[in-house]
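Heads up: the structure comes next, in structure tokens.
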Protein chains: 2
Amino acid sequence: MFQLSKKVEYGLIALRHIAAGSRGQIFTAKEIADKYQIPFELLAKVMQKLCKKGFVVSYQGVHGGYILVRDAHEVKVSAIINAIEEKPSVSIIQCESEKPESCIIHTTCTIKDPLVKLQSSINKVFEELSIMEMV
Amino acid sequence: MFQLSKKVEYGLIALRHIAAGSRGQIFTAKEIADKYQIPFELLAKVMQKLCKKGFVVSYQGVHGGYILVRDAHEVKVSAIINAIEEKPSVSIIQCESEKPESCIIHTTCTIKDPLVKLQSSINKVFEELSIMEMV
DNA sequence: ATAAATCGGACTGTAGCGGTCGGGTTTCTA
DNA sequence: TAGAAACCCGACCGCTACAGTCCGATTTAT
């Protein structure tokens, strides 16, 4: 439990790799997949998401690939997780991540408030780390 | 992703409930399950684990149940998670949680070190919250 | 024309999780 | 002494999410 998904891991590896290159340098999903022994098609999916969310810009065609858009300092791990993960919320309790009425015990829930605070502490941790600090 | 499991949630609720009672007061799994509308049999499993790990002491027989052993201040959320969760590790990356050789990319892994640091920050958050602060 | 690359939907297999069931043991009490 | 109430514990099931794969379409450089 409490593991980053493979998709997020691959996304972090790829973004870090791109950020470590020279400014504006283009990278293909294939070369990254080969270098880190990541399943190519899975990484491709991840890159597409990162593209849609504006982390990278994609170029199709023979010499296509991806280049980093934002300044690496600005790319926080939290944003990457939110971009890749289906469910945008990273709430540690279901009560918060889904509609509250789906929580059967919401009326009597005694642990919610403390855990929400704990949640924000965790969020901060993810918001403080940028891929620049991984290069 | 990144949610506490139901088992952990139930364990927190139960321990908080017991901690909120008077010192040495005994509680049955059934009454806690009823009060918070938790599946009884699942909670029972959780309580058994908490018993084995020394958070509570169990008494069998008609007027049996569980009483809290440790001082509520000393019962940290991190310890509860570790007690209930099968895999003791709460590592956000697989490289660390399992045997490192199972990580195919461990030789070339570039994100491991930063994430390990991030991990320890998260661990701290869980270690700082005790059930006493939930009562 | 072909090859190399992104795009994107559909599919599969597996593992874990939430939950349930059944049978056993202990202990109080009527 | 019988029965009820509680803990104990292993086995089982159904579902979902995730990792990974496959296929076809589009774009573009050579």
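Per chain, numbering begins at 1; letters A, B, ... match sequence-line order.
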Residue pair [X] / [Y], side-chain heavy-atom distance below 4.5 Å:
X	Y	answer
B/Tyr10	B/Ile84	no
B/Thr110	A/Leu12	no
A/Lys6	A/Glu9	yes
A/Ser130	A/Val75	no

Interatomic distance, [X] [atom1] vs [N] [atom2] [rounded to whole Å]:
X	N	atom1	atom2	result
B/Lys30	D/dA6	NZ	P	8 Å
B/Phe40	D/dA5	CZ	P	12 Å
A/Ile67	C/dA5	CD1	P	16 Å
A/Ile84	D/dC18	CD1	P	13 Å
B/Glu41	D/dC13	CD	C1'	14 Å
B/Lys7	D/dC9	NZ	C1'	13 Å
A/Asp34	C/dA4	CG	C1'	13 Å
B/Leu43	D/dA6	CG	P	13 Å

Given that B/Gly65 and B/Val62 both sit by DNA chain D, which one's nearest nucleotide is further toward the 5' end?
-> B/Val62

Test for a donor-acceptor pair under 3.5 Å between the base of C/dG9 and the side chain of A/Lys45, counting only N and O atoms.
-> yes

Can you check whether A/Thr28's main-chain N or O pairs, donor with acceptor, with A/Glu31's side chain at less than 3.5 Å?
-> yes

Side chain of [X]: nearest nucleotide among [options]?
X	options	answer
A/Ser5	D/dA19, D/dG20, D/dA4	D/dA19
B/Gln60	C/dT26, C/dT27, C/dC7	C/dT26
A/Lys6	D/dA19, C/dC17, D/dA4	D/dA19
A/Tyr66	C/dC7, D/dT30, C/dG19	C/dC7
B/Lys52	C/dC17, D/dA19, D/dC9	D/dC9
A/Cys51	C/dT20, D/dA19, C/dC7	C/dC7
B/Ser58	D/dC23, D/dA4, D/dC8	D/dC8
B/Gln48	C/dC21, D/dC9, C/dC17	D/dC9

Does a nitrogen or oxygen in the side chain of A/Tyr59 sit under 4.0 Å from OP1 or OP2 of D/dA29?
-> no

Side-chain N or O of B/His63 closer than 4.0 Å to phosphate OP1/OP2 of C/dT29 | yes

List the steps, then state whether side-chain contact (heavy atoms from CB on, under 4.5 Å) holds for B/Val46 with B/Ile38.
-> CA-CA 11 Å; B/Val46 171; B/Ile38 296 171; over 6 Å; no

Using a 4.0 Å heavy-atom cut-off across all strands, classify B/Ala29 as base, sugar-phosphate, or nothing.
-> sugar-phosphate

Describe the nucleic acid contact of B/Lys49 in one word from base, sugar-phosphate, nothing, applying a heavy-atom distance below 4.0 Å.
-> nothing

